[in-house]
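Computation of the quantities below employed the complete heavy-atom set of this structure, encompassing side-chain atoms and omitting hydrogens, waters and symmetry-equivalent molecules.
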Amino acid sequence: MNYRQIISIIISNINQTERNLNGLHKYGDEEVIEILTIQLWKVKFLVAALTDDSYDAIKKHLEEEK
């Protein structure tokens, strides 16, 4: 499994957690659920940014070693 596949799995898990939170709306505190949803979105955004930056940096480093 490569780096981007691992990050893709992390993002998929975050998406699933968001879907699970959506199911809690009828049972839980809307304000708390909304805060958690926003936090998950931030994590997903940061993971995506990290993926691109890290992948490019790793690729550049490996190419320099050749």
Side-chain angles (χ1 to χ4, degrees):
M1 188 177 300
N2 68 34
Y3 184 77
R4 286 193 179 198
Q5 289 171 324
I6 292 169
I7 298 300
S8 177
I9 289 171
I10 292 170
I11 292 172
S12 294
N13 286 334
I14 292 171
N15 288 337
Q16 182 61 48
T17 303
E18 287 175 331
R19 286 190 293 276
N20 291 346
L21 279 174
N22 288 338
L24 292 176
H25 282 285
K26 60 183 175 183
Y27 301 110
D29 182 357
E30 291 291 326
E31 186 177 330
V32 172
I33 292 170
E34 190 65 29
I35 290 170
L36 288 172
T37 301
I38 290 168
Q39 293 300 323
L40 285 170
W41 182 86
K42 288 178 184 177
V43 170
K44 187 168 41 174
F45 178 80
L46 291 172
V47 167
L50 177 65
T51 301
D52 288 341
D53 291 345
S54 298
Y55 182 80
D56 292 341
I58 291 168
K59 186 176 177 183
K60 181 179 177 184
H61 178 73
L62 291 174
E63 289 174 352
E64 288 174 355
E65 287 185 357
K66 288 182 181 179

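- In this structure, the side-chain contact (heavy atoms from CB on, under 4.5 Å) partners of N13, at least two apart in sequence or on a different chain, are I9.
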Table please: side-chain donor-acceptor pairs of residues 31-40 below 3.5 Å, with sequence neighbours left out.
unit_1, atom_1, unit_2, atom_2, d
T37, OG1, I33, O, 2.8

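- When every heavy atom of N15 is checked against every heavy atom of K44, the shortest pair comes out as OD1-NZ, 2.8 Å.
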